[in-house]
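Right, one structure below, let's go through it.
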Amino acid sequence: MAEENVVRTRNVKKVFVMGNVALEALKGINLEIRRGEYISIMGPSGSGKSTLFNMIGGLDKPTEGKVYIDEVDVAQLDAYELAWLRCRKIGYIFQTFNLIPVMTALENVTLPMTFAGMSTDESIDKGIRLLTMVGLGDRFQHKPIELSGGQQQRVAVARALANDPAIVLADEPTGNLDLKTGKEIIDLLRKMNKEQEVTIISATHDLKMLDVSDRVFWIRDGKVERVERRADLDLNIGTVEGE
Amino acid sequence: MAGQEGKIGKQVVLPLSKAVEISVKSIKTRLGRSMITASGIVLAIAFLMSIFVSSSINKALLEKGSAEIRIQLQDLGGEEQAKQMWLVVLSLLVCVVGIANAMLMSVTERYKEIGTMKCLGALDRFVIKLFLLESGFMGLIGSIAGALLGGLLMTVVSGINYGLEVITKFPVVDFLYYFAIAVALGTVLSVIGAVYPAYTAARMVPADAMRSEI
């Protein structure tokens, strides 16, 4: 695997101003994520985890410091370039699945390809291929409402991979799923990570997620408290559960 | 890092045919809601069309009708019509406000959908395009229904008042002309009503898609 940084942050700070109070959500984050890694970002709510996640995903800009996605400084991009980045470079997976309710599974998967300028025929072929890959080959004409939570999240995984992104960002992907389905989604993400060599960055509370992660970033109080590799994880899992 | 800039493109597209498809689906899926939103325009356009049709029937009868009917019609003043025109303008205004209101609600309801689209790479103008198209289609269908409704009702009412002559002397050309005007006006007003809501929707940030509270 190439030792190339797909995400890099340099002293990232984010300040939210609410009335007269300035809240420093991120207090100088430095991290590097290499291509093909499977990263989990852990942290209690209010730790700045979501804020960091939004920065890495090009959804928000830092107050201070730099975020590089694929070695491009996000702050330098205009609205068109940001849209392009979100469309081509980043795939998003949400806690609440966020499929477009009026579209079928296949249409949900092909929408990002349409945005990317792919022809209808091509996008349908690729959409069916992706849906088959996530195990929904026979359900692509179903509306989200006709699918179970786990199936909806599978569609979301297929949609995230639509334009062969460099990064897949998953925000609590198992948060709304039961244990077994959650595990299936985690395994699916891991499989995609291995087979498609896509970098997966996931914000999570789910300890099952740690099992498959290459590295875990622990965020606390707006800072990276510690970074653990999988090899070190087993030793610490007891303390995690105690928290 | 030379040449890195070349890696970022600008090309994100939403072909019109696809936008039309999405907005029509959106209307169909929320059919009940869409019909209530459109009913405002149906009623306003029906009112407008009924005024148009009654005045053109009266005109046709004055020119070509029998002496008896002409005397009947001459007793009617033009003042009544001017008053009705004011009512029509008011009802059209109310209907634009109604559409703006309904579309605004629909925007707040769909924040997650809009945020998700933006995460998938949608530009502000895609969102505007989708909302304007959706409202335009509702306006078009509502106006056609309204114009037919108003036109037919007024023809029937005139028929009851003046007898069969209304049918034999029916001003077909005028009817079609006013029909086209009423439909065009209804569609344009629906689109105008959706401008502000569409703009509000377009300004939403992609991070809204992550919000988990309803």
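Residue numbers begin at 1 in each chain, while the letters A, B, ... track the order of the sequences. These numbers come from the heavy atoms of this one structure, side chains and all, not from hydrogens, waters or symmetry mates.
Taking CG of L59(A) as the reference point, atom NZ of K118(B) lies at 11.0 Å (rounded to 0.5 Å). To the nearest 0.5 Å, atom CD1 of residue I100(A) and atom NZ of residue K112(B) are 11.5 Å apart. Considering NZ of K143(A) and NZ of K25(B), their distance stands at 7.5 Å, rounded to 0.5 Å. Atom CE of M117(B) sits about 14.5 Å away from atom CZ of R86(A), to the nearest 0.5 Å.
Under a cut-off of 6.0 angstrom, the local environment of OH in Y196(B) is sparse, with at most 12 non-hydrogen atoms contributed by other residues, nucleotides or ligands. The 12-atom threshold is exceeded at CD of E146(A), counting heavy atoms of other residues, nucleotides or ligands nearer than 6.0 Å. The number of heavy atoms from other shown groups lying within 6.0 Å of OH (Y199(B)) does not exceed 12. Annotation for I145(A): atom CD1 does not count as buried by contact number, only 12 or fewer foreign heavy atoms lying within 6.0 Å. In the displayed structure, M35(B) atom CE is contacted under 6.0 Å by at most 12 heavy atoms of other residues, nucleotides or ligands.
Heavy-atom distances place no part of D60(A) under 4.5 Å from chain B, backbone and side chain included. Looking at K28(B), neither its backbone nor its side chain comes within 4.5 Å of chain A, counting heavy atoms on both sides. Only the side chain of R30(B) comes within contact range of chain A, with heavy atoms under 4.5 Å apart. Contact of E172(A) with chain B is not made at all, since no heavy-atom distance falls under 4.5 Å. Looking at N163(A), neither its backbone nor its side chain comes within 4.5 Å of chain B, counting heavy atoms on both sides.
Annotation for V102(A) and S26(B): closest pair CG1-CA, 4.0 Å, computed over non-hydrogen atoms. Across V13(B) and G117(A), no two heavy atoms sit closer than the pair CG2-CA, 3.5 Å. When every heavy atom of G121(B) is checked against every heavy atom of F115(A), the shortest pair comes out as C-CD1, 4.0 Å. Across every non-hydrogen atom of C119(B) and F94(A), the tightest pair is SG-CZ, 3.9 Å. Contact detail for A83(A) and A122(B): the closest heavy-atom pair is CB-O, 4.5 Å.
In terms of heavy-atom pairs under 4.5 angstrom with chain B, the leader among T120(A), D78(A), L99(A) is D78(A). Counting heavy-atom pairs under 4.5 Å between each of A116(A), A79(A), P101(A) and chain B puts P101(A) at the top. Highest contact tally toward chain A, considering only S17(B), A207(B), P206(B), is held by P206(B) [criterion: heavy-atom pairs under 4.5 Å]. Counting heavy-atom pairs closer than 4.5 Å to chain A, the top residue among V205(B), L14(B), T116(B) is T116(B). Most heavy-atom pairs under 4.5 Å with chain B: of the set L85(A), I90(A), T114(A), this distinction falls to T114(A). Looking only at heavy-atom pairs under 4.5 Å with chain B, the residue among P165(A), C87(A), G58(A), G57(A) that has the most is C87(A).
Looking at heavy atoms from C-beta onward, Y80(A) lies in side-chain contact with L123(B) at the 4.5 angstrom threshold.
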May I have the list of side-chain donor-acceptor pairs in residues 138-152 of chain B shorter than 3.5 Å, sequence neighbours left out?
| from | atom 1 | to | atom 2 | distance (Å) |
| --- | --- | --- | --- | --- |
| S143(B) | OG | G139(B) | O | 2.4 |

